[in-house]
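One structure below.
Chain A is the first sequence line, chain B the second, and so forth, proteins listed ahead of strands; every chain is numbered from 1.
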Amino acid sequence: MWKTVLSLICLSLALLVPGCNQEEAPVKVNLAKKEQVLHKAPANVITYAYLPQYSHTVSYERHRLLVEFLRRETGYNIKQVFPDTFAQHMDMVGQGKIDISFVNPFVYVTLAKRYDSRVFASVMEGPGSSSKFRGQIICRADNPAIATLADCRGKRWIAVDPNSAAGYLYALGLFHSQGLRPEDFAEIAFAPGPGGQQEKVVLAVWAGKYDIGSIREGTLGVVRDKIDLREIRVLATTPWYPGWVYSARAGLDPKVTAAIARALFKLSATDKEQRRILDAAHITGFVPARDRDYDPIRNLASQIGIHLD
Amino acid sequence: MRKPGLRGKLYLGLFFLLFFFSVLIYSMVARIMREALLEENRNRGISIAANLAARAAEPILTLDFLSLKNLVDEVARLNDDISYGFILGRDGEVLVHTFKGGFPVEMKGANTVGNRQQFSRRLLDTGEALVYDYAAPVTIGGERIGTVRVGLLRTRVETAISRLLRIVFLITGIVTLAVGFVGAVLANSVTRRIKLLQQSAEKVVRGDLDIHTAPTLRENCWEVMHCDNIRCQAYGKFYHRCWYLAGTLCASCIAGDYATKIETCRHCAVYKKSAGDEIQSLAESFDYMTLSLKERMEELQDAEKTMREQRMLLKTILDATPEFVYLQDCQGKYQAVNRAFCHLLGKEEDQIIGKFDHDLYPPDRAERNIEENEEVLRSGTLLEKQEAIESGSGYRWCHVMRMPVRSPEGTITGILWSGRDITALKEMEARMVQARKMESVGQLAAGVAHEINTPLGIILGYAQVLLEEIPEDDQRHQDLEIINRQGEICRRIVADLLKFSRWSKSTYSFFDPNEVVEEVVSVMEHTFNLDRVTIRCLLDPLLPGLFGDRDKFKQVLVNLLNNAHDAIGKDGRICVTTFFEAASGELVMTVSDTGQGIPREDQGRIFDPFFTTKPVDKGTGLGLSVSYGIIQEHGGRITVESPPGADHACDKAMDRGAAFLIHLPISPRRTEDPEKLIERRSAA
């Protein structure tokens, strides 16, 4: 019996002994040795900005490879910058902080009007590789009160931005053609905060905060992973308008513009590596563009009473 | 070291069990909690770093230093165990940090994380505290655009761990003490009752069956049932439960013992109220078993006493019977014997019981016994015969029976041997044959004497006539004297023969035996004195009168005195005594001498006719026969002792001589008329 008791005591004491500490040995760090952090603005940078219709990360993901390609092809230190809003984008162009803008046609005509920006290329996108694009008016699929555009009267409308083409102006033009004026809606709101406005419109309608929303065609595919698209119904689609454009700020060296334009026009979907760049940017190709190609936009603005300056 | 008792073992076991499991639980819980807290802390650090990395992606893209600074400051502010936080750009340049007075140069390279890693953790020693440094990459679409670093104070975690361990230790201690206290109370309750059981068992072993192990109840069965039936077996039994007792008289009770009634009792209110736990049931069962044992013991003692008495009775009967009895089993082993048989074999009982024939008898006799046993076992019938059995005092004739002993089922379980000593009967038969032979001889002698008597009378008559005619000086006269004298001898012989063969008529009357003795002694004393033989008489003066033939009594006395004289020859002493034996109502006369005595082999024949050891011319061998017949005629008996017993010896100093003892009834039987007795005896 005493042997058993002794064994139990030994076992108990053995359990009391803490197990081997397998924790890593600490790395000694001297906190006393410090330095001041200073950020110097890089010189000779060509800034490239994508109108923030989507979030910055989406913008970055889409145009990262394209910017790298341009940097590589042109030899210029091209760097993508991220304005938070359409207005900020236009202001930065005016301030000379954005050299190359990838913007919608309405912003372009505004920039051209205000800051003498010059268009040098237009993009082709979509399944038909078209240089035009259009907008969509959406509502919740289970909303029985909205079946036609006329039913939108008195409803709450959320748009992307007052400067958004497909996200506001095209839809406003469509409503205008149907006899609906901004004052006919209970409310016209714009997506809040920086970046990602297109997605915010879809999510606001999906959440039921607003009855209808206006977005660029193709936005629903962006939010495919966030919501069930069967819960969203496309109420109407606007007419086609000229697509997005690349413009250079006034004062940018034309050689730079020409180099970038050449590099863009060089991209071909047949090349496997270049195809990957185009796919990431959701662009099928680039074509030369002239300022007068965007007169329909100017007409639309005039029609719905928007002053570009 | 003294071995611990059950209580000690239980306490010791409980203590070590609690100690062991407390230590085990504490160590396991402590380890698990420590690991869990550390893991939680690690996960928390990873979560903070990953969350910061996700939130920092766009500010890094836009180089929004304010947002980035807000992010790291917010992380540090919301988590008080965050030591620091900083964000590195794509090229490893520090974008923002929470350090005061500049960024520590060594901190940047203290922990690195690869593009494919989700995080990296390193333990850093800042000199002030140990810090878990978490590094998480900031990526967009797989493109690394920066790194976030967060430092969690390990000291804070360890403080929390220590506090938790103290709480766990305290709880474990309290639980251990509580369990130990409850266990000790339970163990004490169990061991106390088991000790009581053990003490009761020891009492039982010592023979004390008056034990009370079960506790008394708050409410006994008669109180529960409001019963006052004092005839009930359970009434007043404070230590015995009613369901164990037979003879309870409740209306709901069924008759019978525990096994019969227990199932019914389980539904009874008394049982439901009074039945205890297993140990109490054990104690109650033990009490009941002891009570039953006591009753059984008493019954057994009574039965044993009765059996012992029966055995003694049987033994007494067996030992008292003169027959030899023994019992053998079927294998021949001796199971029981009686005293007579032990005496016959000259052995003690324990020298015979358990033995076999070969152990007790010579081989031939043993074989014969075995064969006879086998015969009885085979036939199942009685075997009866007469045989001579050797005993310590020589051969004895026995009439034996060997019979089978059967069980109640009829099977033979043994053999009973019974033998009756018929040696005396055999001797009587021999004497009867001899007597009949003597009777024939007597009758022949009487016939011869009767035929001789007449011519002998004529011879004597003529001889006497011639004696008167022939002068005395004549030689013929002397010859005639010789013829006459020898003829007288012949006539006496013939007279004796006639007395023996034809009893003369007796004349019965009351007379004083002492007087007859004195008369005969006075006549014969002188003659005896010539040979220096003295006669000493010790006569009982209070002797009652004897009813009989005085002359024949005298003749008997004369014969005995003559025989005594002949046995002595010269220089001896004869003692004659008379006394009355009140117990038997008989007169006892003894005639003892200091003569040569009678050999033992002759003592059985001295009363036979014509038996004599005297010379031819000294006796006819009819004296004692005649005396024997006279005494028998008087309803008495005559016996001889040689050498005489101490009470009858004439000279107690000498171990020789003989004594004749005559027992005679003083008076005839009361129911018999003396006259008829005289007639009957005369006829005889």
When A:Glu61, A:Gln36, A:Arg64 are compared by non-hydrogen pairs under 4.5 Å with chain B, the top option: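 Option with the top pair count is A:Arg64.
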Heavy-atom pairs under 4.5 Å with chain A: which of B:Met107, B:Glu143, B:Glu93, B:Arg122 has the most? B:Glu143
From the list B:Val131, B:Leu130, B:Leu124, the residue making the most non-hydrogen contacts under 4.5 Å with chain A is B:Leu124
Please report whether the ring centroid of A:Tyr168 lies less than 6.0 Å from that of A:Phe106. no
Ignoring hydrogens and angles, state whether a donor on the side chain of B:Tyr84 or B:Asp133 is under 3.5 Å from an acceptor on the partner side chain. yes
Can the positive tip of A:Arg216 be found less than 6.0 Å from the middle of the six-membered ring of A:Phe133, inside 45° of the ring normal? yes
Can you name the residues of residues 60-80 of chain B that have some heavy atom under 4.5 Å away from a heavy atom in chain A? B:Leu61, B:Thr62, B:Leu63, B:Phe65
Using non-hydrogen atoms only, which part of B:Lys100 is less than 4.5 Å away from chain A: side chain, backbone, both, or neither? backbone
Using residues 164-179 of chain B as the side-chain source, report each donor-acceptor pair under 3.5 Å to any protein atom, sequence neighbours left out, with the distance given to one decimal.
residue: B:Thr172; atom: OG1; partner: B:Val168; partner atom: O; Å: 2.6
residue: B:Thr176; atom: OG1; partner: B:Ser22; partner atom: OG; Å: 2.6
residue: B:Thr176; atom: OG1; partner: B:Thr172; partner atom: O; Å: 2.6

Tell me, please, which residues at least two apart from A:Asn104 pass side-chain hydrogen bond (donor to acceptor under 3.5 Å, both in side chains).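 Result, side-chain hydrogen bond (donor to acceptor under 3.5 Å, both in side chains) vs A:Asn104: none returned.
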Could you tell me which residues satisfy side-chain hydrogen bond (donor to acceptor under 3.5 Å, both in side chains) with A:Arg114, sequence neighbours excluded, listed by chain and number? none
Looking only at heavy atoms, what is the nearest atom pair of A:Phe69 and A:Ala263, with distance? CE2-O, 3.3 Å
Quick one: do A:Arg71 and A:Glu68 make a salt bridge, cutoff under 4.0 Å? no
